[in-house]
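The shown structure was predicted, so the numbers you read here are calculated from the model rather than taken from an experiment. Sequence lines set the chain letters: A, B, ... in the order given, protein chains first and strands last, and positions in each chain run from 1.
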Amino acid sequence: MLTTTSAPDHDLVAGLVQPLYVLAEDGTRHPDPTLDPLLRDVDEELLTGLFLDMAVIRALDDEAVALQRQGELGLWPPLRGQEAAQIGLARALPSTDFFFTSYRENGLAWCRGVSPGEMLSVWRGTTLSGWDPFAHHMATPQVIIGAQAHHAVGYAMATKAQGKDDIAVACFGDGALSQGDLNEAMVFAASFRAPVLFFCQNNQYAISEPVALQATVPIALRPTGFGIPSLRVDGNDVLAMRAVSLFAARHIRSGKGPMFIEAVTYRLGPHTTSDDPTRYRDEEELESWRRRCPIARLERHLEQLGTDVEQLRAEAKRRSLEATTALREAVTTLPEPAPESLFENVLSTEHPGLVRQREQFRAFRNSLAPEQADGQQTEGSSA
Amino acid sequence: MSDFRLPDLGEGLTEATIVAWQVAVGDEVTLNQPLVEVETAKALVELPSPRAGRVSVLHAAEGETLAVGSPLIGFEEVGAVGADPAGESPADAGAADAEAADDSATDTTRRASSTKSAAPQRQQVLVGYGPVLPGTGRPRRRPRSFQTEPYIGRAAQAVSGSAEAAAGETPKALPPVRRRARDLGVDLTAVHGSGPGGRILRTDVEACARSTTSAGTRPGASTRSSTRVPVTGLRRETARAMTDSAFTAPQASVHTTIDVTDTLERLRHPARRGRKTSFLAAVCQAILPAAARTPSANARYDTEAGEIEHFARVALGIAVATERGLVVATVPDAEEADGLTLTERITALVATAREGALTPAELTGSTLTVTNVGVFGVEGGVPILNPGQSTILAIGALRTQPWEHRGEIALRTVVTLTLSFDHRVLDGAEASRFLMDVADVLSDPAILLTR
């Protein structure tokens with residue numbers, strides 16, 4: 001009898017005991033034999049670039065939260081705290097690798113040149129799809145938890161079949177690991193050696209559910225059960241994030257099949273603007289993660305390298321203001337969709353049922369009185 | 001001045017409570033500066049200022065709950081706001097102060113200026129809520145101008161379409177459509193395809209099947225021809241009362257069928273000046289002593305007070321079907337009247353009701369209702385309580401049928417009485433006693449002498 005059950009292969013995973021890192025919390029450089037070879041190109045320009053990226057996406061994110069609070073957006077999923085994970089990934093891969101993300105990866109979208117209007121239109125409810133995925137090599141955000149993993153694996157299998165060099169990246173959170181979709185996607189990816197990177201931002205909570213309730217083993221251990229090698233990284237260390245992304249991309253591109261990254265990070269804000277995180281986590285925990293702020297850590301490192309941090313902060317502020325002003329400008333000028341546009345993109349051809357619905361909807365809209373002052377009429381006044 | 005309205009802070013919330021203001025009237029605020037802390041059903045959140053400017057009014061006090069969309073805070077206009085909110089120089093602010101001072105004299109001028117400046121300004125539209133219309137909080141509809149049009153199949157509309165589909169070809173249709181056509185016995189070559197490239201759709205097949213089965217009628221024309229009548233006046237009132245009754249009072253009913261042959265003979269015997277007492281009047285007369293013996297039959301359940309009110313007197317209501325609808329007319333002073341007088345009063349009352357000339361007093365104030373559904377030929381029925389009463393009695397048709405009489409089968413005149421009652425006020429035992437008291441008197445009036 002053939003049995004294939006065996007304990008997870010611990011050789012397939014790195015960082016289980018201590019997530020891989022190269023920047024300590026105080027900003028000092030920590031040597032890592034796996035990641036160091038990938039960091040030889042790091043210079044001050046690259047570091048300040050990463051710093052500015054993180055500062056700008058944090059400012060953009062804060063501005064979007066403010067816009068939601070001001071009634072301009074219906075909802076917003078803040079990424080605050082996860083800047084290093086997103087920037088580290090985005091700045092490691094060439095712009096032709098395709099991202100299939102969840103809704104919180106607005107930092108990736110920004111790096112891929114998605115315009116503020118494109119980024120916010122869905123959250124304002126003025127469009128059904130924010131941008132052209134092929135223009136940015138990034139699919140529009142998937143709200144169904146984990147569904148994008150299938151898309152990523154499918155895309156990866158296709159690029160492999162076409163003999164292309166591109167890889168696909170599935171971005172998801174710790175909660176998605178509890179979904180069937182993700183596990184099914186990993187089965188296919190492993191079986192077909194699809195060139196796909198599973199990129200998990202473990203931000204500690206699936207809405208209000210702590211990760212420990214969903215995973216009794218570290219998340220990075222799970223993919224090893226599928227035979228997918230896995231790296232567990234400090235998600236608040238942007239240099240380490242960039243290095244593991246480079247490492248994984250190189251592994252995948254060399255035809256060795258999929259790889260998995262668990263970025264151990266923390267969502268400092270609410271799950272979405274509709275959430276109240278104080279109901280499920282305490283201030284003490286929050287404070288400990290605030291101290292681990294990815295931006296502050298890189299700033300300390302830059303300071304130790306002798307960078308003029310004051311000037312850098314000023315530049316970050318200038319770029320942030322530019323970006324947030326553009327964001328605010330974009331959201332208030334987004335065109336309102338025509339009500340009947342609802343029917344336009346359902347099917348590519350006319351369908352009698354849909355035509356009928358559109359006629360009924362038009363009749364209903366016509367039955368709404370125009371806003372006129374003398375329109376005061378009562379119903380049922382005469383017997 | 002412009003107002004910032006309370007936005008929906010969490011996907012469908014309707015209100016928020018002001019917890020703490022972080023600014024005061026006269027404060028100069030910058031874009032995104034925290035203005036106020038509010039608590040919604042979901043979370044405690046800080047609202048950042050949507051603009052730079054000077055706070056001119058706080059529309060709600062701390063602790064107050066505001067509906068989403070209502071004004072929260074007002075701002076005075078400050079120079080060219082928004083161009084460079086963070087880089088506002090003190091000089092700019094000073095100039096704006098002077099400008100703002102002009103129109104901040106009194107509340108009234110402020111309001112006046114707000115209406116003036118409202119027109120060109122972009123309305124603050126909350127996502128998912130649409131613009132707020134003046135007056136009402138929601139879009140107004142023209143009453144009943146919306147008509148649904150019957151759907152007419154394409155086959156009926158198309159006037160012998162293109163000839164392209166002819167020419168001996170197999171008609172284009174998907175397998176399920178072919179199956180449907182076979183099931184309906186439709187010949188696909190006879191069907192005009194309305195789909196892309198002349199493909200026959202399921203609707204085409206079905207329209208064709210309809211047109212062949214309803215031969216003679218224009219295909220599709222007879223699909224839906226219901227008429228819609230607006231619910232107004234008495235119909236509306238009856239609907240409201242019956243709904244009210246059905247959904248507030250738990251109702252049960254008891255019924256009995258009795259032999260009234262002897263009573264009817266007595267009633268038909270002319271009393272005064274050749275006049276007779278009607279059976280309805282006799283029922284009314286039987287009710288009065290029965291109600292005295294079972295007071296809860298002449299009562300009402302007062303939900304608000306949590307009490308049962310026993311009425312001092314029996315004010316009999318008679319349900320009358322009129323052209324305009326159902327009304328309940330109150331018989332005045334039924335207790336003092338004899339059978340003949342009661343008959344005359346009821347006759348007059350019904351006539352007045354049919355003319356629609358009853359006074360409000362005659363239309364209200366009854367405490368116990370009798371409905372004579374028997375006049376429509378039915379054996380009986382279960383009535384619904386008139387709201388505010390605990391019982392209603394339905395009288396079925398007087399009918400002659402074989403009945404047990406003195407140990408033998410005889411042809412007798414019988415009637416079915418049905419009593420519906422408010423189960424909050426009476427139980428089955430009391431309701432049955434009341435009904436049997438009425439029934440006993442009607443089957444043997446002499447019983448009044450012995451009980």
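- Rounded to the nearest 0.5 angstrom, L31(B) CG and Q70(A) CD are separated by 6.5 Å.
- More than 12 heavy atoms of other residues, nucleotides or ligands sit less than 6.0 Å from atom CD of E287(A).
- Contact check for N32(B) versus R328(A): side-chain heavy atoms found under the 4.5 Å cut-off.
- In this structure, the salt bridge (Lys or Arg N to Asp or Glu O under 4.0 Å) partners of R313(A), at least two apart in sequence or on a different chain, are E299(A), E310(A).
- Annotation for L213(A): atom CG counts as buried by contact number, over 12 foreign heavy atoms lying within 6.0 Å.
- Only the backbone of A41(B) comes within less than 4.5 Å of a heavy atom of chain A; no side-chain atom from C-beta onward does.
- Here the shortest heavy-atom pairing between P7(B) and G71(A) reads CB-CA, 3.2 Å.
- Residues passing the salt bridge (Lys or Arg N to Asp or Glu O under 4.0 Å) test with E315(A) are R318(A), R319(A), sequence neighbours excluded.
- Within the 4.5 angstrom heavy-atom criterion, only backbone atoms of D275(A) (N, CA, C, O) approach chain B.
- The structure places CG of D8(B) at 7.5 Å from CD of Q68(A), a figure rounded to the nearest 0.5 Å.
- Using a 4.5 Å cut-off between heavy atoms, L44(B) touches chain A through its backbone atoms (N, CA, C, O) alone.
- Taking a 6.0 Å sphere around CD of E283(A), one finds it holds more than 12 heavy atoms contributed by other residues, nucleotides or ligands.
- How far CZ of R69(A) is from CG of L35(B): 13.0 Å, rounded to the nearest 0.5 Å.
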